[in-house]
Structures are given as C-alpha cells and as structure tokens.
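Contents: one structure, followed by commentary.
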Number of protein chains: 2
Amino acid sequence: MPGKKKMRTRRAKLDSTQPTTAVNLKDLAETLGLSSTTVSLVLNHSPIANSIPARTKRRIFSLAKKLHYHPNFVARSLRAKRSYTIGVMVPEVSEGYEAMVLSGIEDFLLQEGYFYFVVSHRHRRDLIEEYPHLLLARSIEGLIAVDTPCGRNLPVPVVAVSGHREVERVTNIVLDHDKAAALAVGHLFDLGHRKIALIKGQSFSSDTEVRWASLRLAMSARGLPLETLLTAQLEGDTPSPQLGYLATKKILAAGLSFTALIAFNDVSAIGAIRALREAGFRVPEDVSVVGFDDIQSAAFQNPALTTIRQPLWEMGQLAAETVLRRIAKGASAPYSRTLMVEPKLVVRESTAPAPRELPTVSERPSAALVGNG
Amino acid sequence: MPGKKKMRTRRAKLDSTQPTTAVNLKDLAETLGLSSTTVSLVLNHSPIANSIPARTKRRIFSLAKKLHYHPNFVARSLRAKRSYTIGVMVPEVSEGYEAMVLSGIEDFLLQEGYFYFVVSHRHRRDLIEEYPHLLLARSIEGLIAVDTPCGRNLPVPVVAVSGHREVERVTNIVLDHDKAAALAVGHLFDLGHRKIALIKGQSFSSDTEVRWASLRLAMSARGLPLETLLTAQLEGDTPSPQLGYLATKKILAAGLSFTALIAFNDVSAIGAIRALREAGFRVPEDVSVVGFDDIQSAAFQNPALTTIRQPLWEMGQLAAETVLRRIAKGASAPYSRTLMVEPKLVVRESTAPAPRELPTVSERPSAALVGNG
DNA sequence: CCGTATTACTAAATCGCATTACTAAATCGT
DNA sequence: ACGATTTAGTAATGCGATTTAGTAATACGG
C-alpha cells in the first residue's frame, strides 16, 4: 500500500513533461517508505536518530543525494527562526572596490551555509535609511555595510567595512590609515620627493576624512608642509578615473610645481596620470603617482600603478566572519568596536626617484607625449 | 476574557529586558479582539474584506502601524510559495564583466521588489550542478546564469546571459557575435590591416566558440586568411590580463609578423598590449589592438582601448526583466529562446592605420619602450 | 518469565501567514 | 413576513521542516 502511494508521487513527476518541482521531505519519506520524522532526524544527524541502523541511514542519504534533496530553507527558517541569510549594503556594485569586498564576503558566507542579499544605494539618503528595514523584513540575521554610513541600533549585528566610526553596536573593519599614509609618504620621501600633491576623496566616502588626517600626520612627521595649492578633492557621485583627472587638472592649474602625487584611490590615480601626461609630464620620470587600494587593474596600467594595497578581499572575508561570529554569540554579547587590517606598499612603475629639477608645465613641449604613452 | 489574554501577551513583551521580538498577526488580532483572518484580510486589502466596516479597518491599520507590524516574510513565502527572490549564478564576482551585469540585474530587480542571491562557482563542475538546487531550496522564483552552462530543466524560469545555447526552457541573452566580429575586423580592415592576430577565449567560457566562429566568418568575408601561427588561446581559470599577456607572447614567439590583434576581451587585450610593448612594439603605431566588452577601465588604459562594446549593464537589466516576465506569465507560457543585443564599436586609441611596412620584433631595439609607455 | 531497556521507528504540534469554507446576525425586496 | 442577500466576521487547513512525545517490537537481566 505504501508502495502504491510512493509510485504515484514519483511517477507524476517523472511522467510530466513539465520540469520537476523541488523534492521535499515528504517525497523522500514516501519514496523510502519511512516517515518524514525519521528522514529529517537522520539527515540532520540528530542524536535522537542514533538508534536508526546504518543501513537505513545510508538509504536515506543516498536517495537524498540522488534526488538533489535540499531542505526548504523557507520552511526551515520559519520553524527555526533562523534565515541563514545576511544583508550587504554597498554604494554600488562597481568594477573595483566593492567587487573585491563582495567576493571575500561571499567566499566565507557560502562556505558557512549562509546566503546574502546585496543592495546598492548609490549614496541616496532615503535608500540608506530604507534598505536596512527592507532587509530586516526579510529576516536577515546580520548586516554588512560596505563604505556606507550605516543605520544605528538595528536588532541584528552590524559590521561596517570602511564605515564611519563610532556607531553604537557596529563593528568596524578599517584599514590602518596611519600606517597606510606613512607608507605612501615614506616611499615618496625616500625617493627624494619633497613637493607632494594630494587628492582627497569625496565627502560622502567614509574613508575620506581619516585618510586625509593620516596623510597630514605622515606629511608633518617627515617635515613636509601641506600646501593648499597642491590639494584637490574628488567631486562626483560615481567613481571614475574622470574624477581624478579633473582634480589633477585643478592642481595643475594652480601652477605650483610638484614631483609626486598621492591619489585618494587607484581609480583616481589612473585619471591623475592621464591629466599629468596631457600636461606634458612623464610618469614616473617627472612626477611619481601613488594610488590606494590595489584594484586588479592597477597592476596592468601603464605604467603599472604603485599603490597602497588595501586587502579588500580579506576585509570582506573578515567582515563575513565577524558577522557570523556575532550572530553565533547572540545579540547581547560583547563585540569589538574596531578591527584593523594592514596596508601594504606595492611598488610598481608609477613612482621613481624625484627629478633633480622641479618640473614645470611651461618648460616642456606639452604635445610631446599626448595621446601616446 | 479576550482582554485578559491580550494583556498577558503584550505584558510579557514589555516586561522583558530582552529586545522585543517582532509583532505577529496573532498579537495584532488578540490585541484588537479580532481573528487573525480578519486582520490578514484587511491588511492585504483583500476584496473579501469589503464587508468589513471602515472603522474596524482603521483600527487594524493604526495598531499595525503603531506596533510596527511587518508580516513575516519567511512565513509568507512559505505559504504563498513566492519568495520575491531570484538566484544569480556567476563564475565569480570579478572586477569586470560580472560586476557590470550584476549591476544591471540589481537595478531592475530591486525596483520591482525582488531581491537576489549571488553564488559564484569558479567554474567548478560540482558547484555548477549543486548551486541551482541550493538556490531552489531557498525558493528562488527564477534563475539568471551569467556566463555559466546552466542546469537544464529547473522548475523555475532560467535566463542565461552569454550562456551556452540551445538548452531546453532557457532564454538566452547573447551578443550578436557576427555583428561584433564584423565590427572588429571591419574596423581594422578599413585601417589597412591585413595581418591580424587573434586571441581565443578559454574553452569553458560560453562565448568562446561562437565568437571564434563569427571572427572566422568576418575574416573570410574580407578575404583574410586565418593563420594558425597568428592565433593563441587563453589558458587559466581566473580571468586576468596575465592570460592575454601569455597568449600574445606565444603568438610573438611564433615569429609571424602582424599589424593588428583582436583579443578575446578587454582584460586580455590589456595583457596583450603589455606583451607587445615588452617585445618592442608601439601600440597603436606598430600594432593595433581591439578588445571586447568595454569594461570600465578600458577607457582609461593607456592607450585607451578600442573595443567592441558589449552592453553588459543592459544585458543584466534585460535578463532581470525577462526572468520577471517569465515568472509572471507562469512556467508553461511560451518564452523566447534567444534575445540578441547589439554590439557597438568604440574607437579609442589602441588602433591606428596599419604601418607601411610590417613591423618585426628584430628590427627594433626592444628596450626602448619597456617600462614606460 | 517478568519487567526494564533498547531499537526502530511514527503521530502530531508548531512556526506565521494566507486562504477556503463557513456562520450568525442584520437588512432587503416583494 | 419570509427567503435572499449583505454584513461582519470566524474556524480550519496547509505551506515544509523540526521537534516533542510517544509506540510497538524485540532483547536482556535476574
């Protein structure tokens, strides 16, 4: 009699030209001639299933594998009140920064059986406010905010990657900016550079102020003054080399000569190099350029970019690990406010010893190197 | 009597020092002295609730708002068998191709109230097999497979972006490769190039064979022979300019001279340029290079890359739109097998008229341009 | 050979919501 | 005034997995 029933169920699925609907516990149980309780207990390695003979267990496992059975997460979540899902907020899914962080997050999360929702807010205030609630309504167990001023006081653990500091109950994963700045400035200083231009990030970027402060500190530690005329800020919402290009143009227009430039990140460094070349400077012979981040394409720029590597993938990984740990420990458990990761100087081809004489725009034929590297 | 019950429920929550657990339908109903059916019907604006007087409705809505009631998404999904979630499979969350497609997918999906899970398989066969089932277990309503040979016969609509063709019940979103190849070859031909080297994609990439066939077609249409010695294939799992670099090295080593190179994609084109330079060729004066895709950094290479733009963002957008449409129509509805998108030639700086004489490696001092562009 | 333990399971309740099928009372048309 | 309709709801079922509380059947100790 149970045989008949099982045949019908399976047959219906096999006969159909329609695609098979996902297998569920009951299907399994009926096919095996067991109760769904037994199957569930065995599949979950419950100690209560100790008494089930190995043979039966094997039968269960092998059929489950054969039919690609995976417990319905929605049902499981409902019952267990756990969603095994976390939310990730990013400014956008760009080609550079976020992709690397996401990749790190994903690797860790999937390996732990968690999935994640990504939402990108494009710096829109209303979305930054709204998304955490939308995610919460979907029962996320934790939230990772990448480069995003994240909502305070959410009922789940929040980990910020390069977020603004000092938000209650948020673990911050940040680069050691002081060390990063010291690395950049020190490298140029050691190459003999004394006139260094700086490009500051957009005001909405959470790294901007800290990195700027660290840069000033590192400069003054080497006795280098900070010339306002050698300074410009990125302007524009969507990150693109164009922003660095325009910022560099502005510095060049100010007329003060310099032998090195530290950009806010690699993307803007790429634009900066282009602006410098258009103005007739060779990089790195006349002007050295240092970026931040070490995005994948930094190594394949021409010249390859010297940069301060921000371990983005590892930061994503660490963020995921931290959220999961905080989830496991429970909401009331203590948590670290800040986790610092180490920057690394990656010397490539965009930096060189400072030239003997300060290069100026007027001195050299500006057409010489334009349009070709 | 109902009063007593409701007091107990609410009180328990208010007394607790633990964070309040979310309000549910039953809480609401009991507090209001109504059945959960009524409350549910009203909150969902069901026509069946037409007969409920406005006063009662108002009471329900206002209490719901006051207690911040949000229906439990998990329970709702289980019951309604709708998760408003779709799955996205990608080879990996890289900096280039996938990020753009994902971005397009996300824009459309979020705007329609859908969320998505991303999983990356890194070309591992077992993961490619297993992930669709894992996603299904999470009740996805549809699947987008980006550059992934996707599982056949799933119980939800599947849309493949640049997937392998001719899979049952899968809508394919593909570039018009014939047009793309004609654009690339035609552009170089018009510039006077007759000796064109080609880099073929990795065998696991779904675009590889079609693009190759189109390229051969386009070549022969112009009367250009396809020299095996001017041909190399990318080798390696993780996309990186390094692969293009090595492939180009191999072509150079073969010794046959050429004035132009068509790479499989922008990433490999970047590597190709580097290899050409190391061998002493100027790009584009000696050798022109054309890429495919038009990833963001293509425009900011030096020289800026001439490329065949694949509208990646739009493809993501279209994929999302198509999945949602197929979901709305139901599984048995007819669907388009293939949706073609148009390539566009983007002329930048990596292509130029063919030089008078065929350049050869031995003719020029190979150190001249190394390390600087 | 009786009572307890163990083995090998199963029935039923539960998670929160949606939905189908009702009901009891009031109102209406003729 | 009596059946029909409308009004204002409620009870019961099910989505799929987990979990608690069981139950037969056999084994074992004394």
Side-chain angles (χ1 to χ4, degrees), chain A residues 1-2 5 9 21-60 64 67 69-84 113 136-139, chain B residues 1-2 5 9 13 21-60 64 67-84 133-134 136-141 155:
Chain A
M1 208 53 71
K5 203 169 183 181
T9 310
T21 122
V23 191
N24 63 22
L25 200 59
K26 213 170 129 204
D27 292 338
L28 266 194
E30 284 176 356
T31 309
L32 288 161
L34 290 168
S35 74
S36 53
T37 306
T38 306
V39 180
S40 170
L41 256 24
V42 168
L43 289 177
N44 291 319
H45 298 99
S46 161
I48 308 176
N50 278 341
S51 62
I52 311 290
R55 243 192 82 179
T56 309
K57 286 185 182 174
R58 249 179 282 119
R59 282 208 314 140
I60 293 173
L67 299 184
Y69 169 74
H70 288 284
N72 179 319
F73 251 88
V74 177
R76 174 181 280 193
S77 297
L78 178 59
R79 183 64 230 249
K81 302 196 165 208
R82 300 210 48 184
S83 64
Y84 292 92
L136 245 23
R138 290 201 176 224
S139 313
Chain B
M1 211 53 71
K5 204 170 185 180
T9 310
K13 294 194 175 174
T21 119
V23 193
N24 63 24
L25 200 58
K26 212 171 128 205
D27 292 338
L28 266 194
E30 284 176 356
T31 308
L32 287 161
L34 290 169
S35 74
S36 54
T37 305
T38 306
V39 180
S40 171
L41 257 25
V42 169
L43 288 177
N44 291 319
H45 298 100
S46 162
I48 308 176
N50 278 341
S51 62
I52 310 289
R55 243 193 81 181
T56 308
K57 286 185 182 174
R58 250 180 283 118
R59 280 207 317 137
I60 292 173
L67 299 185
H68 292 110
Y69 170 76
H70 287 286
N72 179 318
F73 207 88
V74 174
R76 174 179 282 194
S77 296
L78 178 59
R79 177 65 231 248
K81 296 191 163 215
R82 295 213 56 181
S83 61
Y84 292 93
H133 297 284
L134 273 178
L136 245 24
R138 294 217 175 211
S139 311
I140 55 164
E141 294 180 23

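Quick caveat: nothing in here was measured; it's all calculated off a predicted structure. Note on naming: letters A, B, ... go to the chains in the order of the sequence lines (proteins, then strands), and numbering restarts at 1 for each one.
The closest side-chain heavy-atom distance from B:Val42 to B:Thr56 is not below 4.5 Å.
Closest to the A:Arg79 side chain, of the nucleotides C:dC17, C:dT19, D:dG16, is D:dG16. The side chain of B:Ser51 lies closest to D:dA8 when the candidates are C:dA8, D:dA17, D:dA8. Each of C:dC15, D:dT10, D:dT20 was ranked by its minimum atom distance to the side chain of A:Leu78; first place goes to C:dC15. Side chain of B:Leu41, nearest nucleotide from C:dC9, C:dG16, D:dT10: D:dT10. If you check D:dT10, D:dG9, D:dA17 against the side chain of B:Pro53, the one that comes closest is D:dG9.
Looking at which nucleotide of DNA chain D each of B:Thr38 and B:Ala80 is closest to, the 5′-most match is held by B:Thr38. Judged by closest nucleotide on DNA chain D, B:Val39 is the one of B:Ala75 and B:Val39 placed further toward the 5' end.
Put simply, CZ on B:Arg138 is 15 Å from C1' on D:dG16, counting in whole angstrom units. Rounded to whole Å, the distance from CZ on A:Arg59 to P on C:dC9 is 8 Å. Across the protein-nucleic acid pair, B:Leu34 atom CG and D:dT7 atom P stand 18 Å apart, rounded to whole Å. Here C:dC9 presents its P atom at 14 Å from CG of A:Leu43, a figure rounded to the nearest Å. Separating the CG atom of A:Asp27 from the P atom of D:dA17 is a distance of 8 Å, rounded to the nearest angstrom. Rounded to an integer number of Å, the gap from B:Asn50 CG to D:dG9 P is 14 Å. Between B:Ile52 atom CD1 and D:dA8 atom C1' there is a gap of 5 Å when expressed in whole angstrom units. B:Asn72 has its CG atom 6 Å from the C1' atom of C:dG16, to the nearest Å.
With hydrogens and angles disregarded, no donor-acceptor distance shorter than 3.5 Å links the side chain of B:Ser139 to the backbone of A:Val74. Here the side chain of A:Asn44 pairs no donor or acceptor atom with the backbone of A:Ser46 at under 3.5 angstrom.
Considering only side-chain N and O atoms, A:Lys26 lies nowhere under 4.0 angstrom from the phosphate OP1 or OP2 of D:dC15. Between C:dG16 and B:Tyr69, no contact under 4.0 Å exists linking OP1 or OP2 to a side-chain N or O. Using a 4.0 Å cut-off, some side-chain N or O of A:Lys81 falls inside it from OP1 or OP2 of C:dG16. For the OP1/OP2 pair of D:dG9 and a distance below 4.0 Å, the side-chain nitrogens and oxygens of B:Thr56 include at least one atom meeting the criterion.
At a cut-off of 3.5 angstrom, the base of D:dT19 holds at least one donor-acceptor pair with the side chain of A:Thr37.
Residue contacts shown for A:Ser77 are absent, as no nucleic acid heavy atom lies under 4.0 Å away. In this structure, A:Leu25 reaches the bases: a heavy-atom distance under 4.0 Å links it to at least one base atom across the strands shown. Across all strands, A:Asn44 comes closer than 4.0 Å only to sugar-phosphate atoms, never to a base (heavy-atom distances).
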Exercise for the section: Output, in order, the C-alpha distance, side-chain angles, deciding distance and verdict of side chain to side chain contact (heavy atoms under 4.5 Å, CB included) for B:Leu32 and B:Thr38. Expected result: CA-CA 10 Å; B:Leu32 287 161; B:Thr38 306; over 6 Å; no
Practice task
Quick one: do A:Tyr69 and A:Val39 satisfy side chain to side chain contact (heavy atoms under 4.5 Å, CB included)? Show the steps, please.
Solution key: CA-CA 11 Å; A:Tyr69 169 74; A:Val39 180; 5.9 Å; no
Practice task
Could you give me the CA-CA distance, side-chain angles and deciding distance for B:Leu67 and B:Asp27, then say whether side chain to side chain contact (heavy atoms under 4.5 Å, CB included) is met?
Solution key: CA-CA 10 Å; B:Leu67 299 185; B:Asp27 292 338; 5.8 Å; no
